[in-house]
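Handing you a structure now.
The shown structure was predicted, so the numbers you read here are calculated from the model rather than taken from an experiment.
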Amino acid sequence: PNSSVAEQLGLTPAELRPLLESLACTVHEQGGAGQDSTRFPVETLLGLLYRGRYRVVPQDISDYLTQQAGLLVSPAPALFYFSHRSFQEHLAACELICREPTERRPPLAPDRTFPDGLIRRVLEAPALWRNVAYLAADELITQGHEGQTLLWELLDAFCQPYVTAQRAPEAAVIALGIARHHDLFDLHKTDRRYRRDLEPLRQVALQMLTDIENFTPAERNIAGELLGRHPEHDTRKGVGRRSDGLPDFDWVQIPETDGQGRREFIY
């Protein structure tokens with residue numbers, strides 16, 4: 001219960017939450033992709049308490065988070081890890097979409113400022129930050145129009161290195177995966193967001209669909225699935241329909257003979 005937090009630690013839940021977010025992000029940075037849990041020493045927690053100038057007894061807060069809240073597990077004296085990696089990833093996502101760094105305690109580290117902090121992490125270590133990016137998108141979706149606008153901008157930023165320089169293709173996969181998860185391609189040309197927000201992602205999907213060097217069949221299937229949501233999404237010749245409603249076949253001439261003059265067809 002909320003009262004027990006204030007009674008035992010002298011903190012309200014609102015004061016405790018940013019501490020947990022900072023702790024989770026710090027711990028996640030120290031982990032590895034696919035790692036179930038990341039162990040960290042009590043000094044990590046003490047450092048955040050010092051930066052935030054919390055007036056609590058360090059032993060009290062570590063005991064509370066372990067015994068009462070159930071967030072932390074202590075496998076050995078002065079050693080901890082988050083009881084579920086999903087807790088760690090969700091709290092880290094909240095840290096990286098924080099947009100009030102000056103009013104926060106502990107203060108938000110400069111390299112975690114939204115959106116650059118999240119973008120850099122996803123581009124540099126996509127396997128480690130993939131789930132965090134998905135959870136950050138979930139949070140932004142719940143924030144209404146402003147959050148959804150920020151999400152479109154975030155996904156575009158994930159894709160730009162691939163679009164401009166064929167770099168960080170994994171980040172582009174994450175962007176389209178998030179778009180699929182939230183049905184962002186369910187827009188028609190009449191929607192005002194189609195040209196402004198969806199068009200960059202649509203172009204990425206078209207580019208990804210035929211890029212066999214950078215993407216697996218499963219990843220390219222994501223692009224195909226999104227482009228197939230509405231006929232107007234896939235503008236490649238031979239895919240859609242003509243103005244009269246008939247299939248827009250892309251007829252290709254087949255020469256009578258091959259380069260050596262042979263008529264035999266070899267598949």
Side-chain angles (χ1 to χ4, degrees), residues 115 119 122 126 130 133-267:
I119 293 169
V122 169
R130 177 186 180 278
Y134 268 80
L135 292 167
D138 291 345
E139 287 295 313
L140 290 172
I141 285 288
T142 65
Q143 294 176 7
H145 177 75
E146 181 184 2
Q148 292 171 25
T149 299
L150 293 172
L151 176 59
W152 283 105
E153 296 172 359
L154 186 67
L155 298 184
D156 184 44
F158 287 166
C159 294
Q160 281 309 305
Y162 170 69
V163 172
T164 58
Q166 297 288 291
R167 293 189 299 105
E170 301 91 347
V173 173
I174 291 173
L176 291 194
I178 291 173
R180 180 175 64 171
H181 181 68
H182 290 287
D183 298 324
L184 298 184
F185 270 65
D186 284 349
L187 293 177
H188 293 275
K189 282 187 175 180
T190 54
D191 193 301
R192 62 184 179 85
R193 284 189 178 273
Y194 187 92
R195 180 63 56 182
R196 186 185 69 191
D197 297 324
L198 182 61
E199 182 60 19
L201 282 181
R202 191 181 71 84
Q203 291 298 329
V204 169
L206 284 169
Q207 191 172 341
M208 182 187 298
L209 194 62
T210 56
D211 186 351
I212 63 175
E213 298 296 329
N214 286 304
F215 304 101
T216 66
E219 291 169 343
R220 288 186 285 120
N221 183 64
I222 295 174
E225 180 184 326
L226 291 171
L227 291 170
R229 292 293 178 94
H230 295 290
E232 62 265 26
H233 288 343
D234 195 342
T235 54
R236 292 175 299 156
K237 178 67 176 175
V239 173
R241 292 179 297 179
R242 303 185 320 199
S243 58
D244 59 6
L246 293 176
D248 184 22
F249 290 120
D250 188 13
W251 297 103
V252 180
Q253 281 193 331
I254 305 297
E256 185 176 358
T257 62
D258 63 15
Q260 285 75 41
R262 295 175 301 187
R263 295 176 180 274
E264 180 183 3
F265 176 76
I266 300 175
Y267 180 75

Please find the pair of heavy atoms, one from Ile141 and one from Gln148, that lie closest to each other, and give the distance.
O-NE2, 3.6 Å
Scanning both residues in full, the closest heavy-atom pair of Ile222 with Gly177 reads CG2-N, 4.4 Å
Could you check whether any side-chain heavy atom of Ile119 comes within less than 4.5 Å of a side-chain heavy atom of Leu154, counting everything from C-beta outward?
yes
List the residues meeting side chain to side chain donor-acceptor pair (under 3.5 Å) with Asp186, not counting sequence neighbours, and say none if there are none.
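For Asp186 the side chain to side chain donor-acceptor pair (under 3.5 Å) partners, ignoring immediate neighbours, are Arg229.
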Any heavy-atom pair between the side chains of His182 and Asp138 that's under 4.5 Å?
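Counting from C-beta outward, Asp138 and His182 do come under 4.5 Å.
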What are the two closest heavy atoms between Leu226 and Leu176, and how far apart are they?
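Smallest heavy-atom distance, with atoms named: CD1-O, 3.5 Å.
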Which value, rounded to the nearest 0.5 Å, describes the distance between Asp156 atom CG and Arg196 atom CZ?
12.0 Å
Partner set under ring-ring contact (aromatic ring centres under 6.0 Å, His included) for Tyr162, not counting sequence neighbours:
Phe215
For Ile178 versus Tyr134, what's the shortest heavy-atom pair and its separation?
N-OH, 3.6 Å
Show your reasoning for whether side chain to side chain contact (heavy atoms under 4.5 Å, CB included) applies to Met208 and Asn214.
CA-CA 8 Å; Met208 182 187 298; Asn214 286 304; over 6 Å; no
For the CD atom on Gln260, are there more than 12 heavy atoms of other groups (residues, nucleotides or ligands in this structure) within a distance under 6.0 Å?
yes
With Arg236, which residues qualify under salt bridge (Lys or Arg N to Asp or Glu O under 4.0 Å), at least two apart?
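Per chain and number, Arg236 pairs via salt bridge (Lys or Arg N to Asp or Glu O under 4.0 Å) with Asp234.
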Other residues, nucleotides, ligands: >12 heavy atoms within 6.0 Å of Leu246 CG:
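It does: Leu246 CG has more than 12 such atoms within range.
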At their closest point, which heavy atom of Ala172 faces which heavy atom of Cys159, and how far apart are they?
CA-SG, 4.2 Å
Could you pull out all residues at least two apart from Asp250 that satisfy salt bridge (Lys or Arg N to Asp or Glu O under 4.0 Å)?
none
Taking it one step at a time, do Arg130 and Val173 satisfy side chain to side chain contact (heavy atoms under 4.5 Å, CB included)?
CA-CA 10 Å; Arg130 177 186 180 278; Val173 173; over 6 Å; no
Drop me the distance from Leu151's CG to Glu146's CD, to the nearest 0.5 angstrom.
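The CD atom of Glu146 is 12.5 Å from CG of Leu151, to the nearest 0.5 Å.
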With the side chain counted from C-beta on, respond yes when Arg262 and Thr257 share a heavy-atom pair under 4.5 Å apart, and no when they do not.
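In short, these two side chains do not touch, never coming nearer than 4.5 Å.
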Can you list everything that forms a ring-ring contact (aromatic ring centres under 6.0 Å, His included) with His181? Sequence neighbours excluded, please.
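His181: no ring-ring contact (aromatic ring centres under 6.0 Å, His included) contacts found.
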Gap separating the CD atom of Gln207 from the OG1 atom of Thr210, nearest 0.5 angstrom
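One finds 7.5 Å between CD of Gln207 and OG1 of Thr210.
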Above 12 or not: heavy atoms from other molecules or residues under 6.0 Å from CZ of Arg167?
no
Which atom of Asp211 lies closest to which atom of Gln166, heavy atoms considered:
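Asp211 and Gln166 have their closest heavy atoms at OD2-OE1, 3.5 Å.
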Taking side chain to side chain contact (heavy atoms under 4.5 Å, CB included) as the test, write out the residues that go with Glu199, two or more places apart.
Tyr194, Arg195, Arg202, Gln203
With rounding to the nearest 0.5 Å, note down the distance linking CD in Glu225 to CG in Leu209.
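Going from the CD atom of Glu225 to the CG atom of Leu209 covers 12.0 Å.
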